[in-house]
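Read through the structure below, which is laid out as structure tokens, and then see the notes.
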Amino acid sequence: MGISVSAELLELALTHRSFAYESGGLPTNERLEFLGDSVLGLIITQELYSKFPDLDESRLSPLRSGVVNTKALAVIARQLSLGDYVRIGKGEESSGGRDKNSILADSLEALVGAIYLEHGLEVATAKVLQWFGPLIESANAQGAGIDGKTALQELAAARNLGVPEYEIEEFGPDHDKSFTAVVLLSGERFAPGSGKSKREAEQVAAKLALEVLHARTS
């Protein structure tokens, strides 16, 4: 992790309520998680505000949501092998709790809270941005907080490629349909995207097309 936190504070940050309850009511990491959630939100919001001065609130808000969410936090927690150190109860242990997104995300937030308490906002900011920097860049590359279809439409307009069209196919019975969408743009067909609704399939297909177009020189 590259930063020291007192043994007492670190132990608290990694104590899930399931372990605390099974151990007779020990303090849990929930207060630190509450604090860390706010600290993390402030750091990421300030970074996005500074990094993308041309984006208004309608763009910044979904971009932040794409960076600070349970799934994203769990990914970073796995990179830090946090699941190996979290103290969880026997029930959670037997049900795979060490790899549950919710437990990992909460533990990471608690760890951020612990770092903030011990070292202050400046150090916490440096550490959070070290962890989340690649995720911020990735989110920006995928459309800077806008949905895939809108991002693709804007990129296509900027490159004079015309308007994206979507070819939709549906499969399965009425009660369990799935959909596949293919982006048609400037005479090119891109990889298909799938989903449980037309919109979801179109969004996946748009993001796949975006990845191809971003990889090319404009």
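Side chains included, hydrogens not; waters and symmetry mates left out as well; all remaining heavy atoms used. Starting from 1, each residue takes its place in the sequence as its number.
- Judged by distance alone, with hydrogens and angles left aside, the side-chain atoms of H119 form a donor-acceptor pair with the main-chain N or O of S4 at under 3.5 Å.
- Salt bridge annotation for K100-E92: present, with a cationic side-chain nitrogen under 4.0 angstrom from a carboxylate oxygen.
- In this structure S18 satisfies the side-chain hydrogen bond (donor to acceptor under 3.5 Å, both in side chains) test together with H16, sequence neighbours excluded.
- Using a 4.5 Å heavy-atom threshold, the side chains of E109 and D106 count as touching.
- Residue pairs that meet the salt bridge (charged side-chain N to carboxylate O under 4.0 Å, His left out) test with at least one member in residues 2-24, sequence neighbours left out, are E11-R87, R17-E30.
- Residues satisfying the side-chain contact (heavy atoms from CB on, under 4.5 Å) criterion with L42, sequence neighbours excluded, are L121.
- With contacts defined as side-chain heavy-atom distances shorter than 4.5 Å, the pair L82/L14 qualifies.
- Take E170 and apply the side-chain hydrogen bond (donor to acceptor under 3.5 Å, both in side chains) test, not counting sequence neighbours, and it matches K177.
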In a table with atom names and distances, give each donor-acceptor pair under 3.5 Å that connects a side chain of residues 67-78 to protein atoms at least two apart or in another chain.
from, atom 1, to, atom 2, distance (Å)
N69, OD1, K71, N, 3.1
N69, OD1, A72, N, 2.8
N69, ND2, S65, O, 2.9
N69, ND2, G66, O, 3.2
R78, NE, D99, OD1, 2.7
R78, NH1, N101, OD1, 3.3
R78, NH2, D99, O, 3.0
R78, NH2, N101, OD1, 2.6

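- Looking only at side-chain heavy atoms (C-beta outward), Y21 and L26 stay at 4.5 Å or farther from each other.
- Residues L111 and L104 do not share a hydrophobic cluster, clusters being chains of Ile/Leu/Val/Met/Phe/Trp/Tyr side chains in contact below 4.5 Å.
- A donor-acceptor pair under 3.5 Å links the side-chain atoms of S197 to the main chain of E200, judged by distance alone.
- Going from atom CG of L185 over to atom CZ of R159 covers 10.0 Å, rounded to the nearest 0.5 Å.
- Evaluation of the side chain to side chain donor-acceptor pair (under 3.5 Å) test over residues 34-50, restricted to residues two or more places apart or in two chains, returns T45-R64.
- Partners of S102 by side-chain hydrogen bond (donor to acceptor under 3.5 Å, both in side chains), not counting sequence neighbours: none found.
- Residues forming a side-chain hydrogen bond (donor to acceptor under 3.5 Å, both in side chains) with E202 (at least two apart in sequence, or on another chain): K149.
- D176 pairs by the side-chain contact (heavy atoms from CB on, under 4.5 Å) definition with P173, K196, not counting sequence neighbours.
- Listed by chain and residue number, nothing satisfies the salt bridge (Lys or Arg N to Asp or Glu O under 4.0 Å) test with R31 (two or more places apart in sequence, or in another chain).
- E165 pairs by the side-chain contact (heavy atoms from CB on, under 4.5 Å) definition with L184, not counting sequence neighbours.
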Practice task
Evaluate the criterion side chain to side chain contact (heavy atoms under 4.5 Å, CB included) for residue pair S107 and N29; output intermediate values, then yes/no.
Solution key: CA-CA 7 Å; S107 299; N29 64 2; 4.0 Å; yes
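- We find the OG-CD1 distance between S95 and I103 to be 7.0 Å, quoted to the nearest 0.5 Å.
- Annotation: side-chain contact (heavy atoms from CB on, under 4.5 Å) contacts of L9 (sequence neighbours excluded): V5, S6, L32, A114, L117, E118.
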Practice task
Show the numbers, then the answer: is there a side chain to side chain contact (heavy atoms under 4.5 Å, CB included) between L80 and Y85?
Solution key: CA-CA 10 Å; L80 299 174; Y85 305 101; over 6 Å; no
